[in-house]
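No experiment lies behind these values; they were computed from the predicted model shown. Remember, it's 1-based here, ligands and their atoms both numbered in the order they're listed.
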Amino acid sequence: MNAYEAITGRRSLRQLSTVPVAKPLVQKLLYAAVLAPAPHHTKPWRFVHLETPGSRKRLAEAMGAAWRADLESDGVSESRIELLLSRSERQITGAPALVLACIVAEGLRSWPDQRRQRAEYRMAVQSIGCALENIMVAAQAEGLASFWISAPLFCPDAVREALDLPAEYEAQALVSVGYPAGDARPRAEPDLATLIKTT
Ligand SMILES: Cc1cc2nc3c(=O)[nH]c(=O)nc-3n(C[C@H](O)[C@H](O)[C@H](O)COP(=O)(O)O)c2cc1C
């Protein structure tokens, strides 16, 4: 499979088989991540391979508690909260392979004003998107499927505490990776031509 085929073949797939993903394969995907382009020769991210059931359970519980607090303050019904939290917990504890992506400020410049400081931080965010896409495209090339989980972005302190991560780690996203479940089908693609303009 060439790069174009891997990119165009990749689709988010949330129905993953229970077949484990071998550790060397996960490491290969993480190597693809850390080769991502980044602003002015920095590496403003760290990746955490959540290998043990214990770390996943702690993460699921901490994120679940944080999400519950948000949903309760939004006035969401208890039955809906239970539904959302149990699905989220299953995605985390049941992922064949699970990677957490965090931003760190390493190498990022300090600016005297907010405009440039924000732009600097956004460059790190753009860069972590490249790294996560590298994981997902590399997974596709290996016959794996994946999907992005943005929940950690909403509760970075809970994530840091649950996983005992260094203070500078700012959680951004999880990627779940596994072999496609037998009957899984990605969602239909919308009309993509409207997204591309030529002037
Ligand atoms: C920043 C970002 C956040 C996302 N968050 C989630 C998420 O929390 N849960 C999920 O199932 N998919 C999530 N996705 C996946 C998108 O839903 C998916 O990429 C989109 O529907 C397009 O489908 P495709 O990936 O199959 O092309 C996210 C994707 C991005 C780029």
Student: Using a strict cut-off of 4.0 Å, indicate which atoms of ligand 1 neighbour a heavy atom of Phe147.
Tutor: 11 (O)
Student: Checking a contact table here: which protein heavy atom is nearest atom 21 (O) of ligand 1, and how many Å away?
Tutor: Arg14 NH2, 4.4 Å
Student: Between Pro180 and Gly143, which heavy-atom pair has the shortest distance, and what is it?
Tutor: CD-O, 3.6 Å
Student: How does Trp148 reach ligand 1, by side chain, by backbone, by both or by neither, if only non-hydrogen atoms under 4.0 Å count?
Tutor: both
Student: Which residue and atom name correspond to the protein heavy atom nearest atom 5 (N) of ligand 1, and how close is it?
Tutor: Ser150 OG, 3.1 Å
Student: Side-chain donor-acceptor pair under 3.5 Å between Ser127 and Trp45, yes or no?
Tutor: yes
Student: Please confirm whether Gln91 approaches ligand 1 to less than 4.0 Å, judged on its heavy atoms.
Tutor: no
Student: For atom 26 (O) of ligand 1, grab the closest protein heavy atom and report residue, atom and distance to one decimal in Å.
Tutor: Ser12 N, 2.7 Å
Student: Determine whether Glu168 and Arg46 satisfy the following criterion, side-chain contact (heavy atoms from CB on, under 4.5 Å), listing intermediate values before the conclusion.
Tutor: CA-CA 10 Å; Glu168 69 270 22; Arg46 297 290 181 272; over 6 Å; no
Student: Any side-chain to backbone donor/acceptor pair from Gln172 onto Glu170? Under 3.5 Å, distance only.
Tutor: yes
Student: Side-chain heavy atoms nearer than 4.5 Å, only ILVMFWY residues, links allowed to pass through others: does that put Leu29 and Val34 together?
Tutor: yes
Student: Relative to the heavy atoms of Ile149, which atoms of ligand 1 are at a distance of less than 4.0 Å?
Tutor: 7 (C), 8 (O)
